[in-house]
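Worksheet: the structure to be examined is printed underneath.
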Amino acid sequence: MLRHSQRVLQISLVALIALASVPQLRAQTKVPRLDYRERTLPNGLRVLSAVDKSSPTVAIQVWYKVGSKDDPEGRSGFAHLFEHIMFKSTKNMKSEMMDRLTEDVGGMNNASTADDVTIYFEVVPSNYLETLLWAEADRLASLNVDDANFKSERDVVKEEYRERVDANPFGRLFYILLQEKSFAKHPYRRPGIGSIADLDAAAIADVRAFHATFYRPDNATLVVVGDFDQKQFDAWVDKYFAGIPKPDKPLPRVSVKEPERTGEQRVVEFSPSVPLPAVAFSFLAPPKASEDSDALRIAESILSSGESSRLYRALVYEQQVAAQASAGTDLREDISLFQFFAIVAGGKKPDDAERAMLAEIKKMQDAPVSAAELEKAKNQIITAQLRERETNNGKALALGDAAVLLGDPNRANTDIERLSKVTAADVQRVMKKYMTDANRLVIYYLPESLRPAKPAAEKTGQTTGGRDARDSKGGK
């Protein structure tokens, strides 16, 4: 099975579509409450559970609070690497046995790595719940972190890098540059997908140390939603998880604070594989748990959701300066990004796309969005969330996200209603607050053919290779 790293580095055109059959959502939308139970075992494992007998299935998730921001210096990609190693052998399971325990009974499993967390999840018929709880406890307590598993999965991750970064014309921009250049000090600047050089430099001792540091019960949250008996579930959790010891060493946490930007920063990078120039912006934004994050999500939808969005209408359809244009919120636990991206249309210049994107930002700063745009954006976002919550896995994702990243599992019951209360004035306020000149990073990602010719005197010197990046001194 292909394991995937759930990065939001790649900005793509948003495809949330409000179907005509979906009724208009009221200004304040209330959703069915997730009646969950929460407890913490003596070893620190946090357990969230919600009984839902609407289908004879159960979703099991384990959220580990370790992501790419926790990768050791010079060892980027370790969190992503362990997303893969966790599917290898344990004391009691052969490699890939999780597939057999889930897919062979009509279920599924997968995992994802983000900046702040790594999540493992399964959906199976409810009569297999005990088996999967045993399996999750087994790979938490007795994973084989050996040389064979490390090297085989390192090769898989390196192949992912080649596919997503090297083979994608804009892969380096999405997966590398937007992270490296957007953060001056925070470890978010290390790309989650890692680098081949860092992975090649890693030794088995490094890998074992990372596993011992972060894969422990007091750094994990177990979330289970579906058709089960609560008393029996609690007994199984005690049986399989309670005996896993809690390490004596304290958990390391990222304490670095990203400084505010004090001036526009500009980067120019060249690549031989880029068919058309691209222009990207990033703005530092507040943490995911911030009161402003809902208004930023609404702004993203208005700017970028579908062919009626502002960026598509202005840049692609009317002015024809871009072949694609999008915007997106990249919400994270510590500090977030709001990003813009445009692939420049043939015959146009990067400056044209930059000016057009800045003009659309200014329009949203100068005047409130229309009532129709606001309602449409809310319908798109809320409809997508409600549809996701029709499944046990979607409910579990909502609970886990609220508990681990927002700090309060009950936000799974309140956040949709809170988002429905966002006003046009809120959207205008956050656009003014965060999309400032001093808070802007601009990246030009250009074909090698546009690289300026070097003076004759320089041509006799040593060349710098295929890529070049130039930073202004504005904000670092």
Side-chain angles (χ1 to χ4, degrees), residues 33-55 57-67 82 86 90 92 98 101-102 107 109-112 114 116-143 214-247 250-251 253 289 333 389 391-415:
R33 179 176 176 80
L34 272 172
D35 291 321
Y36 65 90
R37 293 188 67 229
E38 179 179 7
R39 67 180 181 124
T40 302
L41 302 188
N43 61 7
L45 178 74
R46 190 179 190 184
V47 183
L48 294 165
S49 57
V51 176
D52 184 334
K53 296 184 177 293
S54 59
S55 73
T57 63
V58 63
I60 304 105
Q61 298 179 3
V62 183
W63 292 60
Y64 291 92
K65 201 165 186 184
V66 54
F82 264 97
M86 283 285 278
T90 71
N92 300 298
M98 289 297 289
L101 295 177
T102 54
N109 75 82
N110 215 318
S112 64
D116 304 297
V117 292
T118 306
I119 313 165
Y120 302 86
F121 51 93
E122 303 88 40
V123 178
V124 292
S126 52
N127 56 316
Y128 288 94
L129 172 59
E130 182 182 8
T131 301
L132 268 300
L133 290 174
W134 166 82
E136 284 291 8
D138 188 53
R139 67 175 173 180
L140 167 58
S142 59
L143 183 70
F214 293 106
Y215 279 82
R216 43 193 278 181
D218 56 332
N219 198 39
T221 298
L222 172 67
V223 185
V224 176
V225 177
D227 177 21
F228 60 87
D229 176 81
Q230 185 69 55
K231 185 176 180 180
Q232 180 66 80
F233 168 75
D234 290 340
W236 285 335
V237 169
D238 290 338
K239 179 180 179 180
Y240 298 116
F241 286 94
I244 302 174
K246 173 183 176 181
L251 274 160
R253 293 299 184 207
E333 185 180 37
R389 293 192 189 194
T391 68
N392 287 330
N393 199 53
K395 294 182 181 75
L397 282 171
L399 265 180
D401 185 79
V404 179
L405 294 178
L406 300 179
D408 177 9
N410 194 52
R411 285 194 59 168
N413 289 318
T414 61
D415 274 13

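Between Y64 and F214, the gap from one ring centroid to the other reaches at least 6.0 Å.
Of the residues listed (N219, L397, L399), the one engaging W63 in a side chain to side chain contact (heavy atoms under 4.5 Å, CB included) is L397, and it is the only one.
Contact check on D229 versus K231 returns no salt bridge, with no Lys/Arg side-chain nitrogen under 4.0 Å from an Asp/Glu carboxylate oxygen.
Between atom CG of residue L405 and atom CD of residue E333 there is a gap of 6.0 Å, rounded to the nearest 0.5 Å. If you take CZ on R411 and CG on L406, they are separated by 4.5 Å, rounding to the nearest 0.5 Å. To the nearest 0.5 Å, the span separating CH2 on W236 from CD on Q232 amounts to 4.0 Å.
A 4.5 Å side-chain heavy-atom check between V62 and L140 finds every atom pair outside the cut-off. Residues Y120 and R139 have side chains in contact (heavy-atom distance under 4.5 Å, counting atoms from C-beta outward). Put simply, the side chain of M86 reaches to within 4.5 Å of the side chain of Y215, judged on heavy atoms.
Residues Y36 and L48 share a closest heavy-atom pair of CD1-CD2, 4.0 Å.
Remark: F241 CZ is packed, more than 12 non-hydrogen atoms of other residues, nucleotides or ligands lying under 6.0 Å away. Atom NZ of K53 has more than 12 heavy atoms from other residues, nucleotides or ligands within 6.0 Å.
Side-chain atoms of D52 and S54 form a donor-acceptor pair, as typed in the model, at a separation below 3.5 Å.
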